[in-house]
Structure formats: C-alpha cells, structure tokens
Amino acid sequence: MQLVAKIYCKGVVMEIRRDFYLNKLIKRKNNGLIKVITGIRRCGKSYLLNKLFYHHLLDSGVDSDHIIRFAFDSADDLLLIGESLIEIEKEKRGVDPEKFISYIRLRVVDNDMYYLLLDEIQMLDCFEAVLNGYLRKDNLDVFVIGSNAKLLSKDIATEFAGRGDEVHMYPLSFAEFMTVYSGDKYMGLSEYMLYGGIPLVVLREGSDDKAIALQNLFSEIYIRDITKRNRIKNIGELEDLLNILSYSIGSLTNPEKLMNTFKSVKRSRISSVTIKKYLDYLEDSFLIEPAQRYDIRGKEYIETPKKYYFSDLCLRNARINFRQFEEKRSMENVIYNELRMRGYNVDVGVVKIAERNSEGKVVRKQLEMDFVCNLGSSRYYIQSAYSLPDEAKRMQEIRPFRKIDDSFKKIIVTKDLVQPYYDDYGILTVNIYDFLLDPHIIEK
C-alpha cells in the first residue's frame, strides 16, 4: 500500500510518502496501549495523525462519528469544551481535564470502537491520569501527539504503567525527499544536505525562500518553545550554545569543554551545570541527539565526552546562516539520522589497542568508529568515509574494523560512486545514495 501526504503548492498537488510511519500506526491499532507520536515541531506529526491516519480509518470502514479529533492548541476545538485559548495563555495554565472528559463522555454513545486522535496533549492538565483512565475503556483506542521528549520521561512512563507505545517521527528521509524532488539523486542529496527535510521548507521554491522559512522556524517556534517551556531568561546563551554545536557537529564534547569555549570565545562565565541543562532542553525538543561512546572490546559505555547530531541538517545550517557547509560532517549527520529513523540505537565506537612504536615502547591508543548500530540481536559497525581516493585512505578507514574480533557486519559508506562490494576482509562498501535509498542494503 502506498500511503501519501497530499500537499498543495501553487495549485499543484505534491505527494510526500510517509508510509513508513503510517504503517507503524496501523500496526498498533487496538493494541491496548497509548500510542504517543513524538518528534520535532513541523516534521509532520499532525498531518500524519489527523490526515493520513484519519483517512486510513475512514477507508477501513470506521464511521466518522467514531473518530474524535481534538487539538489542545486549537481555539475552535477548545471552544467545544468551554475553554478559551486566550484565557489559558493569560492564566498560564493547562486545559481543564474535567471539561475534556465530559466532552468525550458525550461523544461516546455506544460500545463500538472509538479512536481518539489528540494533538498537543501536554497542554491538558493531568493528561497522564486522563489517558490512563481511557485505557480501562475497551472501546477507546488512543493516539496522541507531543512536542517534547518529556512526554515519555521516566516519570510519565511510570504513570502509564508500561502501557505507552512511542512512535518517534523524524523529518523527511532522503528517500521521502526524493518523491517530491524534480532532479536526480546527486543534485537531490546536495539540496537535502543543505536545506534538510522539514516538509514546509522542502516545498518552498528557491534558496532564499527556504532560508527565510528556516530562520523563521528557529526564531518563532524552536527557540521560543524552549525558552518558554523551560523559563530561560538568558536566551543569548542558549543561542550561543546552538551556534557552537552547529560548528562542531560530529565532534566529541561535554559541558566542561563547552564551558571553556564560552569562556575563551564569548568571555562568558556560564557554568557547566547550566550548559548541561541547556543540552537537556535541546534534546527534549528533539533539535539534537547525543551519541555516546561505547568501548567495543571492553563492552561498556564511556560517559563523556559525547557527539551531538542535529535531527535535521537544515537546523544546523540555518544556525550558521549557511556559511560553513562541510560535506564530510554533513554526510556523517545524515547517516546518523537515517540509522536512527530505521530504529537503530546508535553509539560512537571506541576500539582500545596497545602497540609498539618505532622505539619499541608499548603505546595505548583509541581508534574511533563512527557508528555502532544495534537493533534487537543485530549489530552493524559503520564508517562514514566521504571519499576513498586510494588504498592508503581505505586502510586507514578499515583499521578499527580489523581490530575487532567479533563476526558482526562491518560497512563503509562513501560518496564515491562505487557498486556495493565486499573486500578480502569481508567489509562491505556502499555508496551513500544506495545506503539512503535502500533500507535493506546493509543486510544484503
């Protein structure tokens, strides 16, 4: 089944396939759990739930009266339960749960299955208790959208008693992006690595319009949401941190190193504790994701430092006004996002070795592997190598692979236009285009 989002752009219907996520929702229907769709703002969560999934329900025979859609940030929807969006904003409170419960009680008039599609659920006071109450109703299947990771924090997971089921949504993958891009995959990847996969930006025409849209997203939505939710007073420090992270994607860092950067570059006295809080806020809003180091031989995690990647490269590029476009680091970020979208837990690999130098002394070293990817019992080791111009460069890239004595698959992803092949060491080399467009390429 091909499931698409239809978006109208200058009178033309543009179709963006999001069947990867829609099928996730379809498979979770009537499973007795609260389906929570998370993801960065403007990645398409509301369209997925309220348009694509809604029409799937209608097409599968569900009566429209048995589909209850409610957005807690909609003035019109709030009026249905006697609430005012303006008053809620002025009084800095959540939506009254009793009013919402009464509204649902009036809508559910028989024992047939009802589907609750709830948007911006975090604006409802005591939403955990409300949703838990609906879990006890055999004829209510609940799907909700949230905009920050705290929706599935440890405390809320405890409140749900293990009955929350997360579907995390990312901006458009490269494969989804190519369904609406008019050029070839080579030009497409260049565009994708520059302007990313936020749907409303992808559908803008011209580089100026795309850049303006991204700048507006940052100032009017992302930064505003983070500062408002977390009551940040010094917005400049938060923006400076974003800029520093933007210039150093794929680099190992921690709050202490970042504090030293602030001190030397910004002449700032910001503490590492404050920086740690800011990093948590950026993670909670899904702007960035951390990749922790994993000692492959020692089979243990190394707490610090970490690498940080942006959930969409356009966010990183917008922060630095598109001034510093580094294809090597950008490709690494794209590969990381693709792996996360496919469901892998992704760490930075560390291979500790001891070898003798030219003087015969034993020297201990740490070789870095870009990604250690785990999904269930499957594991893959992946290196991002922008180019492999000669055998010396190739041997440098595969050196960490050869120091690992397990049998898990080892893969190099390169931008070189090579056909997939295995070398004498059993290492698979694939090009970035095949890797991004074929989700099964690393399994072959």
Side-chain angles (χ1 to χ4, degrees), residues 1-7 13-31 33 35-57 59-60 115 117 119 143-147 149 152 164-181 185 188-189 191-193 196-203 286 289 309-315 333-346 371 373-376 378 380 382 413 430 432-444:
M1 182 187 302
Q2 290 189 355
L3 306 165
V4 299
K6 293 184 178 180
I7 300 177
V13 179
M14 305 291 289
E15 296 184 337
I16 301 181
R17 295 175 55 178
R18 307 307 305 263
D19 36 319
F20 178 80
Y21 300 103
L22 188 47
N23 283 327
K24 285 178 176 286
L25 296 187
I26 293 171
K27 291 176 182 178
R28 287 165 169 78
K29 279 197 307 183
N30 308 321
N31 67 357
L33 303 174
K35 276 68 69 173
V36 185
I37 306 169
T38 61
I40 191 172
R41 282 189 179 275
R42 299 297 187 267
C43 72
K45 301 186 300 297
S46 294
Y47 203 93
L48 170 68
L49 184 63
N50 295 308
K51 296 293 184 179
L52 298 181
F53 187 63
Y54 173 74
H55 286 293
H56 160 76
L57 293 174
D59 293 342
S60 62
Y115 295 89
L117 314 184
D119 204 341
F143 296 77
V144 303
I145 294 174
S147 299
L152 286 181
D165 191 358
E166 182 185 19
V167 174
H168 186 69
M169 190 175 193
Y170 285 88
L172 301 181
S173 68
F174 181 59
E176 291 171 326
F177 169 87
M178 286 304 297
T179 64
V180 293
Y181 183 72
K185 61 185 179 183
L189 184 59
E191 173 100 355
Y192 181 72
M193 288 203 297
I198 301 291
L200 69 85
V201 177
V202 169
L203 295 174
F286 301 114
E289 284 194 18
Y309 295 99
F310 280 79
S311 60
D312 193 297
L313 265 176
C314 68
L315 305 174
N333 202 141
V334 166
I335 292 172
Y336 174 86
N337 288 343
E338 182 70 21
L339 291 167
R340 293 289 292 128
M341 185 272 292
R342 293 177 186 179
Y344 291 98
N345 293 315
V346 183
F371 304 122
C373 314
N374 294 288
L375 181 60
S378 299
Y380 299 96
I382 295 179
V413 181
V430 299
I432 183 68
Y433 307 98
D434 289 342
F435 172 80
L436 295 175
L437 295 173
D438 183 357
H440 305 294
I441 188 74
I442 62 177
E443 301 166 8
K444 296 177 180 178

Criterion ring-ring contact (aromatic ring centres under 6.0 Å, His included) against His168, the qualifying member of Phe20, Phe286, Tyr21: Phe286
Asp312 and Tyr192 side chains, donor-acceptor separation under 3.5 Å: no
Distance in Å, Leu203 CG paired with Tyr181 OH, rounded so as to fall on 0.5 Å steps: 13.5 Å
Residues in salt bridge (charged side-chain N to carboxylate O under 4.0 Å, His left out) contact with Lys185, at least two apart in sequence or another chain: none
Check: Tyr344 and Tyr380 side chains under 4.5 Å, non-hydrogen atoms: yes
By side chain to side chain contact (heavy atoms under 4.5 Å, CB included) - contacts of Leu33 (at least two apart): Asn31, Arg163, Asp165
Residues in salt bridge (charged side-chain N to carboxylate O under 4.0 Å, His left out) contact with Lys444, at least two apart in sequence or another chain: Asp438
Reported CG-to-NE2 distance for the pair Leu22 and His55, which is rounded to 0.5 angstrom: 11.5 Å
Contact check, side chains of Phe435 and Leu339, non-hydrogen atoms, under 4.5 Å: yes
Nearest non-hydrogen partners of Ser311 and Pro171, listed with the distance: O-CD, 3.9 Å
Qualifying salt bridge (charged side-chain N to carboxylate O under 4.0 Å, His left out) pairs with a residue from residues 42-56, counting only residues at least two apart or across chains: none
Results of side chain to side chain contact (heavy atoms under 4.5 Å, CB included) for Asn337 - residues two or more places apart only: Asn333
Shortest non-hydrogen separation from Leu375 to Arg342 and the atoms involved: CD2-O, 4.3 Å
Aromatic plane relationship, Tyr309 with Tyr336 - under 30° parallel, 30 to 60° tilted, over 60° perpendicular: parallel
Student check: side-chain heavy atoms of Ser60 and Lys29 closer than 4.5 Å: yes
Test side chain to side chain contact (heavy atoms under 4.5 Å, CB included) applied to Val413 and Ile382, step by step: CA-CA 7 Å; Val413 181; Ile382 295 179; 4.0 Å; yes
Heavy-atom side-chain contact between Arg340 and Asn345 under 4.5 Å: yes
Residues Leu57, Tyr54; criterion side chain to side chain contact (heavy atoms under 4.5 Å, CB included); working and verdict: CA-CA 5 Å; Leu57 293 174; Tyr54 173 74; 5.5 Å; no
Worked verdict on Ile40 versus Met169 for side chain to side chain contact (heavy atoms under 4.5 Å, CB included): CA-CA 8 Å; Ile40 191 172; Met169 190 175 193; over 6 Å; no
Test log, rule side chain to side chain contact (heavy atoms under 4.5 Å, CB included), inputs Leu25 and Leu52: CA-CA 10 Å; Leu25 296 187; Leu52 298 181; over 6 Å; no
Spacing of Ile26 atom CD1 and Phe53 atom CZ [to the nearest 0.5 Å]: 7.0 Å
Val202: side chain to side chain contact (heavy atoms under 4.5 Å, CB included) partners, not counting sequence neighbours: Leu172, Phe177, Val180
Distance in Å, Leu313 CG paired with Ile198 CD1, rounded so as to fall on 0.5 Å steps: 11.0 Å
From SG (Cys373) to CD (Glu338), nearest 0.5 Å: 11.0 Å
Atom pair CG (Leu436) and CE (Met341), whose distance is rounded to the nearest 0.5 Å: 8.5 Å
Nearest heavy atoms of Leu437 and Ala175, plus distance in Å: CD2-CA, 3.8 Å
